[in-house]
Every structure is written in structure tokens, then in C-alpha cells.
Amino acid sequence: MRWARLTAALAVLGVLALADARHHRQGPGHGSEHKPKGDISLWIDHQQIKMFSGAEMQIFAITEGMVLPYLLDPEFESKLPIIPSEVSCVNFTWKSGVKKYYYNFYRLKSYDESILKTPSITIKTRGRVPKRPKEFSVLLPCSGNNSGIVQFGIGLMIETRKGKPLNGTPLHLSLRKECTVRDPNPVPCPDGYLGPPHCKKALCYPNCMNGGNCTAPGVCSCPPGFQGPYCEGGICAEKCLNGGKCIQKDTCECPKGYFGLHCEFSKCVIPCLNGGKCKGNNVCRCPNGFKGDHCEIGRRSPQRSACTRACRNGTCQPDNTCHCEPGWFGKLCNKNKPWA
């Protein structure tokens with residue numbers, strides 16, 4: 001599963017308060033010290049994520065009045081992970097900022113209450129989104145009598161004070177939760193680990209990509225040919241040329257105007273002149289002072305003197321000294337050499 005979809009899966013579990021979450025996207029904090037500015041936002045705070053992943057970060061589902069696109073993917077539910085038994089509730093934070101918004105959790109349902117009781121929230125199911133950042137929780141209580149995976153549903157509507165729905169709402173998801181009958185004397189897992197019987201499974205967020213293994217909380221061991229915190233970047237045996245970037249193993253992403261395995265070919269059959277860069281089929285981006293399809297028209301502007309005081313009979317050098325013409329000397333080339 002690609003990184004964006006993993007971020008999406010974990011974020012939506014947070015926004016609808018159904019999460020098993022965990023990377024590095026900073027945003028609004030939480031607490032009364034923050035002023036009510038901007039538009040409606042909803043996120044899982046860094047403390048909650050640290051409890052699951054071992055790393056501090058925030059995950060957003062709504063930011064500045066926009067439901068993030070991955071929540072609206074028609075295939076999103078099928079790509080969501082099962083919420084593990086270790087996650088029984090999720091704390092998340094929201095604020096309305098300077099505008100007024102009203103919410104309605106119109107659906108909270110378990111499809112098998114012998115495994116999972118009906119989900120609940122620690123605020124009223126209907127009300128006004130608070131102006132300043134405020135936390136609340138969604139509870140996913142396993143019955144404790146049976147183990148298994150159960151489907152449940154949550155629906156959320158957000159409207160303006162004029163009754164207009166926030167774009168992207170209502171949100172209605174059918175998700176899955178794992179419940180396990182617990183040992184009466186369980187051994188608590190440290191932050192960033194889960195899994196019976198000895199908490200050996202480390203958590204990485206996002207998941208390690210391209211076949212990498214999570215060897216410690218937030219630490220990926222990458223297979224040959226890949227690099228980066230989550231094995232998301234490739235290693236190219238041959239360097240990408242003309243500004244290309246190595247994005248996968250031996251795969252270059254080329255800038256506009258270039259192509260080839262290593263971005264070695266230019267789309268400009270006639271090379272760009274005078275420092276121009278190819279930006280399309282036989283079209284160049286020209287530096288100041290030049291124009292034309294190939295930057296062939298124009299001339300270079302004379303460089304300004306870099307010397308503190310102008311050279312009288314010489315040329316200013318980059319080191320702020322004067323190179324004198326024959327027959328002249330001195331710091332400013334203002335003295336005649338005597339005839340021999």
C-alpha cells in the first residue's frame with residue numbers, strides 16, 4: 001500500500017475516531033493556549049500517535065475547511081487496516097476557528113454486539129464544533145466475551161450555521177475492529193510495540209515501503225536498492241542527469257524537457273544556448289537578457305564592478321582588487337609606470 005494511502009487510512013480512523021495511527025506532518029497543536037484562527041480542522045494529536053507508534057506526530061483528516069481527498073476515495077474502506085485489539089479508544093482534537101460549524105454523529109453501530117459493543121463518543125452526538133481546540137474520544141468497547149473481527153459503522157455530518165454541509169460530508173464508513181479475550185494478567189507493551197505474547201511487533205508509521213521491515217518503532221530496514229526513513233526512495237546505480245531525481249530503484253524522475261532512463265536525453269533537438277534550459281519539445285527557458293526558442297537572441301549584460309572603489313585603468317576582480325592595464329599600477333590602477 002502506498003504511503004499516501006497508509007496516511008489516509010490512519011487519518012480517517014482518527015477523524016471518525018476509529019484509529020490505529022501513526023508521519024511527519026505538523027499542524028495545529030492542542031490546548032487552550034492556541035487562538036481560534038483559520039477554518040475547521042480535525043486531527044489526532046501527537047501524544048495519541050506516540051502511544052501507538054513510538055513517534056510523535058499529528059495526523060489530519062480535515063484541515064482548514066477541507067476534508068482531505070483520501071477520505072472520499074470510493075475504494076478507501078477496502079484499503080483500511082483492521083483496528084487491532086490493543087486500540088480501544090482514540091482521542092482526537094478539533095476546532096472551528098472563526099466560523100461556526102455544527103456536527104452530527106448520526107450513525108454509531110456495531111454489527112455484532114457479542115464481540116463489539118456499540119461505539120460511543122465522550123461528547124454529545126449533536127452540537128457545535130468548539131471554537132478553540134478541544135479533545136474528545138471515540139470508544140470502541142469489546143464485549144470481552146468473544147474474540148473475532150467485527151464490522152461497525154460511523155457517520156458524521158458537519159454543516160455551517162446556514163445548514164450547508166461542509167464539502168466532503170456526510171462521511172459514512174463501515175470499518176473493522178479486532179477484539180481478543182484478554183489474559184486476566186496481561187503484560188503491558190511499551191510504546192511502539194504490540195502483539196501477543198511478548199510485544200515483539202514494532203510499529204512504523206507510515207509502514208515500511210518497497211519490502212522494508214520495521215525493526216524498531218519508527219525504524220525501517222530497507223532492502224537493497226532503497227533508502228529513506230520508510231524505504232520510500234530509490235538508489236540509482238547511475239546518477240540521474242539534468243536535474244532528475246532518483247525515486248525508485250534505478251528509476252529517475254525527469255524534469256520537463258528531458259527523458260530517458262537517466263534523463264540523459266533532451267527534448268530540444270537544437271541545444272539551448274547561452275545558459276538556457278530545455279522545458280519542452282524544442283522550447284527553452286532563457287536567462288535574463290536572452291529570448292527565442294533556443295535563447296539565441298540577445299547578449300550578456302556587462303557585470304557590475306564588485307570593487308568598493310572603481311578601477312581607474314583596469315578591471316575589477318572577484319577578490320575586490322584591480323587588474324591594471326599595461327603602463328598602470330596602484331590599488332586603483334591610477335598611477336603611471338615610469339618609462340624604463
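Starting from 1, each residue takes its place in the sequence as its number. Note that these values count all heavy atoms, side chains included, but never hydrogens, waters or copies made by symmetry.
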Nearest heavy-atom neighbours spanning D293 and E296:
N-OE1, 3.8 Å

Are there over 12 heavy-atom neighbours, none belonging to R312, within less than 6.0 Å of that residue's CZ?
no

Are there more than 12 heavy atoms of other residues, nucleotides or ligands under 6.0 Å from atom CZ of R128?
yes

Side-chain heavy atoms under 4.5 angstrom apart, residues restricted to Ile, Leu, Val, Met, Phe, Trp, Tyr: same cluster for L156 and I123?
yes

Given C263, C254, C252, C246, the one that forms disulfide (SG to SG under 2.5 Å) with C240
C252

Minimal non-hydrogen separation, L332 against A310, with atom names:
CD2-O, 3.9 Å

Please tabulate, for the side chains in residues 140-151, all donor-acceptor contacts under 3.5 angstrom to protein atoms that are two or more places apart in sequence or on a different chain.
from: S143; atom 1: OG; to: S114; atom 2: O; distance (Å): 2.6
from: S143; atom 1: OG; to: I115; atom 2: O; distance (Å): 3.4
from: S143; atom 1: OG; to: N145; atom 2: N; distance (Å): 3.2
from: N146; atom 1: ND2; to: S114; atom 2: O; distance (Å): 3.1
from: S147; atom 1: OG; to: V181; atom 2: N; distance (Å): 2.8

Under 4.5 Å between any side-chain heavy atoms of S110 and P119, yes or no?
yes

Any idea which heavy atoms bring L171 and Y106 closest together, and the distance?
O-OH, 3.5 Å

Under the side-chain contact (heavy atoms from CB on, under 4.5 Å) criterion, do K99 and I40 qualify, and how do the steps go?
CA-CA 8 Å; K99 298 181 181 180; I40 186 170; over 6 Å; no

Quick check: is L273 connected to Y258 through a chain of hydrophobic side chains (ILVMFWY, heavy atoms under 4.5 Å apart)?
no

Taking C286 and C295, which are both Cys, do their SG atoms fall under 2.5 Å of each other?
yes

Please report the shortest heavy-atom distance between K131 and S96, naming the atom on each side.
CA-OG, 3.3 Å

Give a yes/no on whether the SG-to-SG distance for C222 versus C231 is below 2.5 Å.
yes

Of all heavy-atom pairs linking F265 and G260, the shortest is CD1-CA, 3.9 Å

Taking it one step at a time, do Y101 and D39 satisfy side-chain contact (heavy atoms from CB on, under 4.5 Å)?
CA-CA 10 Å; Y101 287 95; D39 207 341; 2.8 Å; yes

Give the intermediate values and the outcome of side-chain contact (heavy atoms from CB on, under 4.5 Å) for residues Y103 and L42.
CA-CA 12 Å; Y103 70 89; L42 192 153; over 6 Å; no

Do other residues, nucleotides or ligands put more than 12 heavy atoms under 6.0 Å from the CD1 atom of I235?
yes

Of the non-hydrogen atoms in W94 and W43, which two are nearest, and what is the gap between them?
CA-CZ3, 4.3 Å

Look at atom CD of E238 and say whether more than 12 heavy atoms of other residues, nucleotides or ligands are closer to it than 6.0 Å.
no

Take V67 and T169 through the test side-chain contact (heavy atoms from CB on, under 4.5 Å) and record every step on the way to the result.
CA-CA 8 Å; V67 176; T169 65; 4.2 Å; yes

Could you tell me whether the side chain of N334 reaches within less than 4.5 Å of the side chain of W328, counting heavy atoms only?
no

Is there side-chain contact between Y102 and V129, with at least one heavy-atom pair below 4.5 Å?
no

Report yes if the SG atoms of C333 and C324 are separated by under 2.5 Å, and no otherwise.
yes

CD (E325) with more than 12 external heavy atoms under 6.0 Å
yes

Any side-chain heavy atom of T63 sitting closer than 4.5 Å to one from S41?
yes

Could you check whether any side-chain N or O of T122 sits under 3.5 Å from a backbone N or O of S137, counting only pairs where one atom can act as donor and the other as acceptor?
yes

Side chain to side chain contact (heavy atoms under 4.5 Å, CB included) partner of C278, chosen from P255, C268, P271:
C268

Residue pair C322, C311: steps toward the disulfide bond (SG atoms under 2.5 Å apart) verdict:
CA-CA 6 Å; C322 294; C311 303; 1.9 Å; yes

